[in-house]
Asks: 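What follows is a structure written as structure tokens; I'll ask about it next.
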There are 2 protein chains.
Amino acid sequence: MDQSKRKCLESKGWKIGTASDFLELTPEEAIVVEIKLALSQSLRERRQKLMTQKDVAAKISSSQPRIAKAENGDASVSIELLIRAMLATGATPRDIGQIIAGVG
Amino acid sequence: MDQSKRKCLESKGWKIGTASDFLELTPEEAIVVEIKLALSQSLRERRQKLMTQKDVAAKISSSQPRIAKAENGDASVSIELLIRAMLATGATPRDIGQIIAGVG
DNA sequence: TAACAATATATCAGATATGATATAAATACA
DNA sequence: TGTATTTATATCATATCTGATATATTGTTA
């Protein structure tokens with residue numbers, strides 16, 4: 001990973017150490033990060049076509065700020081919240097599965 | 001869902017209310033439960049062929065009891081831990097995506 | 001431009017998930 | 001049978017994730 005991507009991730013709360021790559025993460029952790037970012041991106045793309053962050057939040061009893069963080073790839077957002085938000089946009093398990101399958 | 005399945009889920013900590021179906025869960029929550037159970041099952045199947053719960057735990061800095069809970073579909077286990085455990089068995093994002101895509 | 005809607009950022013207390021530990025129960029296998 | 005291995009259950013302090021709230025920023029539209 002290049003310098004700019006690392007800085008980007010760090011600004012969102014990801015702790016990827018001082019190395020210039022994912023070397024400080026186990027392979028499993030690195031893939032989890034990639035899965036989260038893929039879901040995050042996809043959530044934003046889907047949601048923008050259909051509704052506001054507030055709408056998504058209401059459907060899953062969350063809050064607009066939390067959906068903003070989800071879409072921004074913030075490290076504090078769980079995979080579960082990302083999936084719940086995706087589902088709120090009408091995504092199916094099939095849609096979500098395909099996004100995850102496309103990682104790596 | 002029949003009575004026995006409901007009792008089974010409840011014994012694992014799932015709060016599905018008093019109804020005889022998933023009616024007390026939002027559609028999104030119900031799907032999340034199904035995704036967790038699917039990952040849980042798949043984890044056990046994959047893991048048993050390859051290694052012990054202790055082995056999986058070591059690979060992802062978790063503990064054997066936690067892996068046991070993951071395989072038993074305990075409600076306290078996050079999707080993230082399920083995915084990390086799957087990855088520890090050698091599952092790829094593609095494998096995981098297919099399992100999720102098959103829900104519903 | 002002004003006014004409004006949408007999104008981003010900051011903070012925080014409460015809830016949930018965590019690994020660790022101890023140990024019970026089950027399973028394998030000599 | 002007994003003994004070792006594996007898995008399940010219970011408890012707990014800590015870390016992480018949560019929604020709520022306030023508010024700043026950005027974007028849109030009159």
Asks: Can you name the residues that form a side chain to side chain donor-acceptor pair (under 3.5 Å) with B:R84, not counting sequence neighbours?
Replies: none
Asks: What string of B, S and - do you get for nucleotides 24-30 of chain D 5' to 3' if you count protein non-hydrogen atoms under 4.0 Å?
Replies: -------
Asks: Can you list everything that forms a side-chain contact (heavy atoms from CB on, under 4.5 Å) with B:K54? Sequence neighbours excluded, please.
Replies: B:T52
Asks: Considering only heavy atoms, which members of residues 42-49 of chain A lie under 4.0 Å from some atom of DNA chain C?
Replies: A:R44, A:R47
Asks: In terms of side-chain geometry, is the basic nitrogen of A:E28 or B:K59 positioned less than 4.0 Å from the acidic oxygen of its partner?
Replies: no
Asks: Listed by chain and number, what are the side-chain contact (heavy atoms from CB on, under 4.5 Å) partners of B:S76, not counting sequence neighbours?
Replies: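 side-chain contact (heavy atoms from CB on, under 4.5 Å) check on B:S76 returns B:R66, B:K69, B:D74.
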Asks: In whole Å, what is the span from the CG atom of A:D74 to the C1' atom of D:dT18?
Replies: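 The answer, rounded to whole Å, is 12 Å.
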Asks: Please name all residues satisfying side chain to side chain donor-acceptor pair (under 3.5 Å) with B:T92, sequence neighbours left out, ordered by chain then number.
Replies: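 Partners of B:T92 by the side chain to side chain donor-acceptor pair (under 3.5 Å) criterion, ordered by chain and then number, come out as B:D95.
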Asks: Classify the nucleic acid contact of B:L81 as base, sugar-phosphate or nothing, counting any heavy atom under 4.0 Å across all strands shown.
Replies: sugar-phosphate
Asks: Can you tell me how far C1' of D:dC17 sits from CD1 of A:I83, to the nearest Å?
Replies: 15 Å
Asks: Pick the nucleotide of DNA chain C nearest each of B:Q64 and B:S78; which residue has the one closer to the 5' end?
Replies: B:S78
Asks: I need the CZ-C1' distance between B:R66 and D:dA15, as an integer number of Å.
Replies: 12 Å
Asks: Taking heavy atoms of chain A and a 4.0 Å limit, find me the 5'-most and 3'-most nucleotide of DNA chain C within that range.
Replies: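 The footprint of chain A covers C:dA6 to C:dA10.
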Asks: Taking the nucleotide of DNA chain C with the closest heavy atom to each, which residue, A:T52 or B:K36, is nearer the 5' end?
Replies: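 In this pair, the answer is A:T52.
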Asks: For A:K36, which residues count as a side chain to side chain donor-acceptor pair (under 3.5 Å) partner, sequence neighbours excluded?
Replies: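 By the side chain to side chain donor-acceptor pair (under 3.5 Å) rule, A:K36 matches B:E80.
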Asks: Mind checking what makes side chain to side chain donor-acceptor pair (under 3.5 Å) contact with B:S62, not counting sequence neighbours?
Replies: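 Residues passing side chain to side chain donor-acceptor pair (under 3.5 Å) with B:S62: none at all.
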Asks: In chain order, what residues pass the side-chain contact (heavy atoms from CB on, under 4.5 Å) check against A:I31, with sequence neighbours excluded?
Replies: A:I35, B:L87, B:P93
Asks: What I want to find out is whether A:E45 reaches A:K49 closely enough, with some N-O distance under 4.0 Å, to be called a salt bridge.
Replies: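 No, A:E45 and A:K49 are not salt-bridged.
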Asks: What does the 5'-to-3' dot-bracket notation of DNA chain C look like when only Watson-Crick and G-U wobble pairs under 3.5 Å count, and pairs to other strands show as |?
Replies: ||||||||||||||||||||||||||||||
Asks: Would you kindly confirm whether A:L25 and A:L39 end up in one hydrophobic cluster when ILVMFWY residues are joined by side chain heavy atoms under 4.5 Å apart?
Replies: no
Asks: Can you get from B:W14 to B:V32 by hopping between Ile, Leu, Val, Met, Phe, Trp and Tyr side chains that sit under 4.5 Å apart?
Replies: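 In one cluster: no.
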Asks: Without decimals, in angstroms, what is the distance between B:K69 NZ and D:dT9 P?
Replies: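 About 7 Å, once rounded to whole Å.
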Asks: Could you list the residues that satisfy side-chain contact (heavy atoms from CB on, under 4.5 Å) with B:S40, not counting sequence neighbours?
Replies: B:L82
Asks: Using a cut-off of strictly less than 4.0 Å, decide whether B:N72 has a side-chain nitrogen or oxygen near OP1 or OP2 of D:dT7.
Replies: no
